[in-house]
Amino acid sequence: MTDTVDLPPAMREVADDFAELTANERLQLLLEFSEGLPELPERYAGSLDSMEQVHECQSPIFLAVEVDDEPADRPGDRAVHLFFSAPPEAPTTRGFAGILHEGLDGLTVAEVLAVPEAAPYQFSLGEAVSPLRLRGMVGMLSRIKRQVALKSQS
Amino acid sequence: MADHTESTPTTSTTESAFAAYAHPERLVSTQWLAEQVEAGKVGGPDGIVVLESDEDVLLYDTGHIPGSLKLDWHQDLNDAVVRDYVDAEQFAAVMSARGISRDTTVVVYGDKNNWWAAYALWVMSLFGHEDVRLLDGGRAKWVAEGRELTKDVPQVAPLTGDAAYPVVERDDTPIRAFKEDVLAHLGGALVDVRSPGEFSGELLHMPDYPQEGAMRGGHIPGARSVPWARAANEDGTFKSREDLEAIYLTEQGLSPADATIAYCRIGERSSHTWFVLTHLLGFGQVRNYDGSWTEWGNSVRVPVEQGAPK
């Protein structure tokens with residue numbers, strides 16, 4: 001990638017970490033993100049139908065987006081919280097979710113909505129996991145942004 | 001296809017459970033493979049080579065069958081630029097790097113009911129590798145049985161010089177169909193192995209969602225709808241020959257004597273069905289249309305049929 005893409009600081013840090021590694025080391029780091037993906041909280045566990053399935057991923061992954069109610073008068077400043085569920089037999093998908101969680105969880109609505117669609121291509125993973133598979137992360141990001149937009153309107 | 005019923009130096013026992021299949025030597029059981037691992041017959045210059053081929057590129061790294069090596073369908077078997085498989089030199093390099101020579105017994109297994117394992121087996125067949133087998137039930141069955149997994153990646157000395165895998169030109173004609181072949185085949189036997197929603201054309205209209213989809217939904221005219229999973233048991237193993245014949249022959253009216261083309265979305269699920277028709281049911285002329293719906297459904301002026309299976 002020669003284009004400079006503006007990423008939120010936490011996401012930029014992840015992207016820089018990946019950029020420094022060899023292809024094989026990138027896979028290992030992705031595996032660490034996969035293993036580090038937070039468990040679903042109680043209120044989602046066992047109720048995947050309350051979450052949104054990411055159809056762009058061939059493995060079953062579900063995501064949920066929560067947006068704080070405050071500040072009431074500035075929806076763009078409300079904090080965003082992300083939750084993912086993906087099985088251990090889909091480590092790449094879990095790894096993508098882990099990167100997005102690390103990079104986006106806790107940001108404000110405005111910050112999440114400003115993340116460029118091309119963000120998934122900033123982690124130097126094209127060679128290691130193939131561009132085709134990266135489309136799964138593009139789908140996750142696009143669904144997250146769509147939900148954030150919807151849920152910050154009220 | 002050549003006759004593959006000859007025994008090989010490394011393995012001679014055809015497992016009795018598979019005896020009813022047309023080419024029983026194409027399948028191995030988890031029990032048999034575990035015994036080979038235990039006996040030290042996996043790896044090494046004269047050993048069996050076990051390859052894990054998954055949809056998920058990281059799965060091998062989370063733990064794999066001891067002695068097995070990773071073969072990634074996308075990185076290792078596809079050309080990086082053109083939508084095609086690797087060429088003869090690249091394939092030879094992929095094989096040599098894994099210690100595989102032309103007469104090595106190769107066992108492939110993977111996730112997702114062996115979709116990508118079947119795909120890898122099919123690609124190896126394009127290059128005429130004689131002895132390549134599937135692990136019945138794939139990775140999921142091995143794991144479900146609580147068998148050993150390891151994160152240890154075997155160090156393989158790549159084969160070089162005279163020992164290297166020969167550069168053998170790929171012969172697509174017998175088992176691979178291109179769009180033009182399918183057009184010429186219209187009216188002949190076609191098997192669409194996608195889900196019923198993809199077959200009818202309903203599944204391609206999801207507004208606002210990016211997807212690796214097609215411009216048009218539906219199926220190739222005249223195709224029979226037989227989702228790939230109908231060939232599999234709950235545990236991912238293949239159904240018995242009798243059950244498979246009931247589906248493909250009796251119910252769908254397909255015949256082992258007819259030239260048949262299977263397709264899906266990108267050719268991986270149809271590799272699974274290609275394996276079933278060719279090696280389990282003994283169909284003589286089955287081609288996998290790997291362009292599948294991502295090509296057909298995006299092509300200008302090719303005929304498309306919509307609606308539920310008849």
Side-chain angles (χ1 to χ4, degrees), chain A residues 23-37 52-61 63 86-99 117-121 125-147 149-150, chain B residues 52-64 70-81 83 109-116 119 138-144 149 151 153 194-195 197-198 202-213 228 236 264-269 294:
Chain A
N24 201 37
E25 291 167 339
R26 285 173 190 155
L27 282 184
Q28 292 309 314
L29 182 56
L30 188 60
L31 195 54
E32 286 173 29
F33 275 104
S34 164
E35 289 163 353
L37 182 68
E52 177 175 359
Q53 184 172 5
V54 182
H55 292 282
E56 292 80 16
C57 293
Q58 289 165 346
S59 304
I61 174 156
L63 65 88
E89 62 269 21
T92 300
T93 301
R94 283 181 63 89
F96 292 165
I99 289 174
E117 301 291 338
Y121 298 101
L125 286 167
E127 190 194 336
V129 307
S130 88
L132 188 72
R133 289 180 172 117
L134 279 177
R135 292 188 195 177
M137 193 170 10
V138 174
M140 282 186 220
L141 176 63
S142 131
R143 284 162 187 271
I144 288 168
K145 289 175 66 175
R146 184 176 146 277
Q147 281 212 34
L150 279 174
Chain B
E52 176 161 341
S53 179
D54 295 320
E55 175 177 300
D56 193 302
V57 69
L58 273 183
L59 199 51
Y60 173 88
D61 302 274
T62 68
H64 47 263
K70 182 177 182 173
L71 179 74
D72 187 63
W73 68 275
H74 207 265
Q75 317 272 26
D76 297 318
L77 298 179
N78 273 259
D79 185 86
V81 179
R83 184 174 173 187
Y109 75 99
D111 62 354
K112 299 285 178 129
N113 287 286
N114 274 337
W115 287 354
W116 306 97
Y119 190 74
R139 180 181 168 99
K141 184 160 192 279
W142 183 276
V143 172
L149 293 174
K151 287 190 177 181
V153 177
R194 298 172 303 159
S195 61
E198 289 171 289
E202 285 158 31
L203 266 190
L204 286 171
H205 303 284
M206 293 198 294
D208 303 331
Y209 290 150
Q211 59 174 339
E212 47 176 275
W228 66 272
C264 58
R265 191 175 54 88
I266 58 172
E268 91 290 22
R269 287 174 288 179
T294 49

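Below, chains carry the letters A, B, ... as their sequence lines are ordered, and counting in each starts from 1.
Across every non-hydrogen atom of Leu27(A) and Leu58(B), the tightest pair is O-CD2, 3.3 Å. The shortest heavy-atom contact between Ala90(A) and Asp56(B) is C-OD2, 3.1 Å.
The closest donor-acceptor contact from the side chain of Glu89(A) to the backbone of Asp111(B) lies at 3.5 Å or more, if one exists at all.
With sequence neighbours left out, the salt bridge (Lys or Arg N to Asp or Glu O under 4.0 Å) criterion links Arg94(A) to no other residue. Scored by the side-chain contact (heavy atoms from CB on, under 4.5 Å) test, Glu117(A) finds Ser142(A), Lys145(A) as partners (sequence neighbours excluded).
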task: Just do the side chain to side chain contact (heavy atoms under 4.5 Å, CB included) check on Gln28(A) and Asp61(B) with the steps written out, would you?
output: CA-CA 8 Å; Gln28(A) 292 309 314; Asp61(B) 302 274; 3.5 Å; yes
message: For a side chain to side chain contact (heavy atoms under 4.5 Å, CB included) check, start with the C-alpha distance between Arg133(A) and Val57(B), then their side-chain angles and the critical distance, and finish with the verdict.
response: CA-CA 9 Å; Arg133(A) 289 180 172 117; Val57(B) 69; 3.5 Å; yes
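If you measure heavy-atom distances from Asn78(B) to chain A, you find no contacts under 4.5 Å at all.
Residue Glu127(A) places its CD atom among 12 or fewer non-hydrogen atoms of other residues, nucleotides or ligands, all under 6.0 Å distant.
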